[in-house]
Amino acid sequence: MIKEQYFPQEIEKKWQKEWEETKFGKTYDDSEKPKYYALSMFPYPSGKLHMGHVRNYTITDVIARFKKMHGFNVLHPIGWDSFGLPAENAAIQHGESPEKWTDENISYMKMQLKRLGLMYDWDREVATCKPDYYKWTQWLFLQLYKKGLAYKKEAAVNWCDKCATVLANEQVIDGKCWRCDSVVEKKYLSQWFLKITDYAEQLLADIDKLEGWPDSVKIMQKNWIGKSHGAILKFKVKEIDGMEIPVYTTRPDTVYGITYLVVAPEYKDIEKLTTPEQKQAVEEYRANARKMTEIERLSTERVKTGVPLGTHAINPFNGEEFPLWTADYALVEYGTGAVMAVPTHDERDFDFAKKYNLPLKVVIQNPENPSECKDSAYTEPGILVNSGEFNGMDNESAKKAITEKAVKEGYGEFKTQYRLRDWLISRQRYWGAPIPIVYCEKCGPQPVPEDQLPVKLPEDVDFKVTGKSPILTSKTFLETTCPVCGGKATRETDTMDTFICSSWYYLRYSDAKNANAPFSKELVNKWLPVDQYVGGIEHAILHLLYSRFFTKALKDLGLLDFDEPFKNLLTQGMVLKDGSKMSKSKGNTVDPDEIFENYGADTARLFILSDSPPARDFDWSDAGVEGCYKFLNRVWRLYASMQENIVFDYKLPDVSALSKENNALLRQTHISIKGITSDISNEFQFNTVISKYREFTNAIYEYIGKKDSFSDEDKNVLSFALITLLKLMAPTTVHMSEALWHEIGGRGSIHETQWPQYDEKLAKTADITLVVQVNGKVKDKIEVDAESSKEDLEKHALASEKIKQFTAGKEIVKIIVVPGRLVNIVVK
RNA sequence: GCCCUGGUGGCGGAAUCGGUAGACGCGACGGACUUAAAAUCCGUUCAGGCUCACCCCUGGUGCCAGUUCAAGUCUGGCUCAGGGCACCA
């Protein structure tokens with residue numbers, strides 16, 4: 001007997017226990033069914049789930065279950081991105097080890113995930129901070145190292161003093177640390193890098209292959225890679241024999257307009273290029289630039305400063321001489337660190353020239369509207385003037401012609417440039433995967449032999465040290481022996497950026513228990529690429545670009561056979577409350593535990609999917625939760641009150657023989673299957689799916705309301721509707737559907753049944769409302785048979801009394817008939 | 001400054017290929033049931049007008065034009081909001 005009242009906690013506990021004991025989410029590699037890999041971005045174990053997690057994992061879970069009911073062998077794993085700074089901070093504050101803190105968080109959050117009813121294959125769970133995982137992170141690093149894709153160099157790095165570590169460019173936001181918000185400084189250190197720039201072209205070109213990705217993410221990645229076409233041009237220095245300054249430009253067509261040349265303050269030859277008279281001023285300027293933090297440099301924005309070096313360069317095209325300057329608007333990391341300045345056709349150069357009274361020379365003109373470039377630079381296309389042999393040429397052709405001349409005469413070349421820079425992965429922190437390198441006095445840096453992996457984190461460390469990595473306080477970690485000569489050696493003490501750990505975890509799930517390799521080639525090729533990846537937009541650049549890079553690099557290493565990891569990507573919106581992002585500091589968070597406690601997981605799942613499409617932001621409302629809870633109660637009562645009328649093995653008579661009500665309910669059932677199936681298939685529009693659950697439920701209630709008693713025919717049609725509704729809701733309200741399924745006589749799990757099929761002919765109503773317009777305005781609505789022909793529709797329309805009023809005495813110019821929808825009569 | 005996304009009732013949001021704008025829900029209001037409350041059920045709910053005969057008329061999807069028998073949907077221009085990038089030569 002179905003209880004009269006819905007007790008979510010009771011049924012959820014029961015079924016969660018059942019699923020746990022039977023390992024319901026377990027996936028087998030040897031299934032005959034086609035594979036489907038559904039993946040959520042794995043969480044950082046910060047302590048407790050927040051609503052963003054709930055949203056993310058519910059979306060993926062519904063997709064996974066939907067696919068399972070469609071006969072796929074679904075892989076739906078979860079794990080923990082468990083290295084990172086908060087664990088270390090907790091160690092400093094509470095004296096707990098980062099490992100203990102992390103483990104406690106994982107076990108709590110794991111309990112919450114189970115409470116949410118998520119169908120995971122827990123046998124494939126991974127945690128990046130465990131030696132059996134980071135062993136392979138280290139191993140992969142070594143493969144990249146051997147391929148020349150990991151290297152060390154002295155570099156000006158972004159330094160966060162509070163975190164006492166280096167940050168990648170991607171982790172500096174508005175000149176501040178992405179994690180702790182403190183101001184980032186420049187510091188020179190020897191650091192490990194991954195050569196992501198080797199893959200710039202591939203990463204860019206393959207974006208076009210990503211048909212299942214949102215355009216916004218693709219464009220962000222394109223901009224980040226930042227490809228441009230141009231030329232390298234070399235300028236001789238008048239005062240110094242044999243000295244040349246190469247510049248990168250996208251505007252070789254403007255070379256005749258150069259009036260000065262700028263090098264970055266950090267330019268390598270800057271001291272040589274400075275005359276004794278200018279030495280002091282240049283030194284001061286450079287010292288100042290060095291001191292300046294990123295944020296100060298940004299805050300000076302468009303006010304450009306610089307000092308002349310005293311020397312001059314010669315334009316090889318026309319022999320003109322112009323002065324050399326240094327200015328911090330030239331960036332040492334981009335291009336060659338030197339810029340040819342054409343103030344008439346570049347806004348930055350224009351501002352600078354105006355400030356320092358440098359000459360202007362127009363070389364590109366719009367023939368219809370020639371400009372003197374007195375007030376602003378002209379950066380649009382035009383015709384070349386004052387440009388010697390190139391006069392009269394359009395500037396696009398001139399780019400090519402001028403570069404060709406430079407190539408021929410030996411002072412230039414074509415050049416493609418990228419903004420993307422190599423990935424700085426060194427972190428002076430404890431809680432990360434140690435970089436598996438040792439330094440021998442005799443043999444230099446050496447990779448740790450693979451049979452000695454993992455290089456484990458030491459436990460004898462003092463977390464309270466400041467200004468250096470806690471790892472340096474270990475007495476056991478540092479000293480080791482050289483794998484080549486057996487002599488004394490010291491270990492690398494930097495750990496890897498956690499983004500490395502998360503750049504390959506989705507591969508590990510395919511073979512999570514493998515003790516001999518990060519994954520077997522066979523299994524990784526079987527399961528990957530991920531069919532549907534779901535996560536927050538905040539990872540649009542960092543994580544997704546790094547993962548793409550890893551996949552491509554590992555393919556080149558022969559470890560796998562595909563070159564893109566994520567076939568389809570869904571970037572879910574944020575969870576807001578009262579219009580702003582949920583955050584502890586704002587005090588507008590909602591604790592998932594409270595929702596589970598008060599309403600149950602099914603209500604939480606239903607609500608988090610209900611109000612907005614997944615890609616948009618979701619505004620949390622307590623009233624909305626209440627509404628979903630009421631709806632589930634309503635559904636429960638429906639089954640409780642109809643239990644005795646449900647025929648589990650129902651048989652449907654032919655439609656033509658059905659009563660009007662039964663005909664309508666049967667059709668409504670097919671309409672619901674069709675609508676819900678297509679809403680999920682098309683961009684996962686769960687908000688409309690849930691509307692359709694409600695519409696279907698309302699229709700069933702309406703049907704029941706008309707009946708005093710139920711005939712056999714009624715019971716069969718009603719049973720078809722009720723069993724179908726239960727299945728359609730199963731991926732969303734996983735516990736309630738399972739519980740009711742068993743109450744009405746279902747065998748096995750409802751989650752292993754087949755998704756309902758609809759009959760196209762029956763997935764529409766028997767009658768339609770025909771809209772009749774006159775001159776495009778609705779004038780009448782008529783109920784007609786859905787199968788009516790065009791001619792019949794036209795007849796119906798013209799026969800309408802209302803329509804006659806509007807057409808009387810007027811000439812009918814034409815009649816447009818849209819079958820199944822409307823008739824529009826055009827009159828004059 | 002550049003790039004992306006979006007603008008529909010009091011609110012969240014629906015609306016295949018251009019074809020009834022406002023599905024579904026929240027909130028609000030009115031009613032039924034009840035000694036009462038909760039729960040539940042029924043009804044109303046874009047704006048303005050008309051008669052309040054609850055029938056009908058007019059306007060309406062950020063703004064201004066255009067294409068079309070027909071525009072929330074297509075085209076051009078503008079505007080506002082959110083996000084991303086930001087001296088990349």
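Not measured: the values here are computed from a predicted model. Every chain is numbered from 1, with letters handed out A, B, ... down the list of sequences.
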In whole Å, what separates the [atom1] atom of [N] from that of [M]?
N	M	atom1	value
B:G43	B:G49	P	28 Å
B:G59	B:A39	P	43 Å
B:A89	B:U73	P	37 Å
B:C78	B:A28	P	44 Å
B:U67	B:C74	C1'	8 Å
B:G7	B:A14	P	9 Å

With a cut-off of less than 4.0 Å, is there a side-chain N or O of [X] near OP1 or OP2 of [N]?
X	N	result
A:N633	B:A39	no
A:R616	B:G82	no
A:S612	B:G13	yes
A:Y693	B:C24	no
A:N824	B:U20	no
A:Q221	B:C4	no

Open item on the list: Can you confirm whether A:E347 is buried at CD, in the sense that more than 12 heavy atoms of other residues, nucleotides or ligands lie under 6.0 Å from that atom?
Closed with: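 Open: at most 12 neighbouring heavy atoms sit under 6.0 Å from CD of A:E347.
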
Open item on the list: Atom CD of residue position A:E783 - does it have more than 12 heavy atoms of other residues, nucleotides or ligands inside 6.0 Å?
Closed with: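 Yes - once you tally the heavy atoms of other residues, nucleotides and ligands closer than 6.0 Å, there are more than 12.
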
Interatomic distance where [atom1] belongs to [X] and [atom2] belongs to [N] [whole Å]:
X	N	atom1	atom2	answer
A:F618	B:G82	CZ	C1'	19 Å
A:I803	B:C56	CD1	P	13 Å
A:N775	B:U68	CG	P	15 Å
A:D619	B:G25	CG	C1'	14 Å
A:L822	B:G19	CG	P	9 Å
A:L609	B:A14	CG	C1'	17 Å
A:Y629	B:A39	OH	C1'	11 Å
A:F607	B:C11	CZ	C1'	12 Å

Proximal nucleotide (of [options]) relative to the [X] side chain:
X	options	result
A:E695	B:A89, B:A23, B:A86	B:A23
A:T769	B:A14, B:U20, B:C85	B:U20
A:Y329	B:A23, B:A86, B:C87	B:C87
A:I816	B:C3, B:U40, B:C69	B:C69
A:R634	B:C41, B:A21, B:C87	B:C41
A:R821	B:G12, B:G84, B:U20	B:U20
A:M220	B:G13, B:C41, B:G84	B:G84
A:A623	B:A23, B:G27, B:A89	B:G27
A:V826	B:G19, B:G12, B:C69	B:C69
A:P613	B:C4, B:G13, B:A15	B:G13

Task: Between CG on residue A:L261 and CG on residue A:L273, distance to nearest 0.5 Å - done: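 Spacing of CG (A:L261) from CG (A:L273) equals 9.5 Å.
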
- [ ] Any chance you could measure A:D611, atom CG, to A:S621, atom OG, to the nearest 0.5 Å?
- [x]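 Rounded to the nearest 0.5 Å, the CG-OG separation comes to 6.0 Å.
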
Base, sugar-phosphate or nothing for [X]? Non-hydrogen atoms, less than 4.0 Å.
X	value
A:Q773	base
A:Q685	sugar-phosphate
A:T250	sugar-phosphate
A:D349	nothing
A:K692	nothing
A:R419	base

Which base, if any, makes a Watson-Crick or G-U wobble pair with [N], both distances under 3.5 Å?
N	answer
B:G27	B:U45
B:C54	none
B:A71	none
B:C33	none
B:G82	B:C4

Task: Backbone N/O of A:Q5 and side chain of A:W636: donor-acceptor pair under 3.5 Å - done: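 Yes, the answer is positive, given that a donor and an acceptor are paired below the 3.5 Å cut-off.
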
- [ ] Consider only side-chain N and O atoms of A:D215 and A:W213, and report whether a donor and an acceptor are under 3.5 Å apart.
- [x]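 There is no such pair (donor and acceptor under 3.5 Å, judged by atom type) between the side chains of A:D215 and A:W213.
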
- [ ] Specify whether A:F352 and A:Y260 have parallel, tilted or perpendicular ring planes, treating 30° as the upper limit for parallel and 60° as the lower limit for perpendicular.
- [x]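 Ring orientation of A:F352 relative to A:Y260: parallel.
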
Task: Parallel, tilted or perpendicular: rings of A:Y356 and A:W325 (30°, 60°) - done: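 The arrangement is tilted - the two ring planes meet at 30° to 60°.
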
Open item on the list: Whether the side chain of A:K814 and the base of B:C69 hold a donor-acceptor pair under 3.5 Å is what I'd like checked.
Closed with: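 Not at all, since no donor on one side and acceptor on the other fall under 3.5 Å apart.
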
Open item on the list: With syn defined as a glycosidic angle within 90° of 0 and anti as the rest, where does B:C54 land?
Closed with: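 Anti conformation here, the glycosidic angle of B:C54 being more than 90° from 0.
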
Task: Base orientation of B:G62, syn vs anti, 90° cut from 0 - done: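 For B:G62, whose glycosidic angle is more than 90° from 0, the conformation is anti.
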
- [ ] May I ask you to check if A:R55 and A:F618 form a cation-pi contact, with NZ or CZ under 6.0 angstrom from the six-membered ring centre and within 45° of the axis?
- [x]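 The answer is no; the distance or angle limit is not met.
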
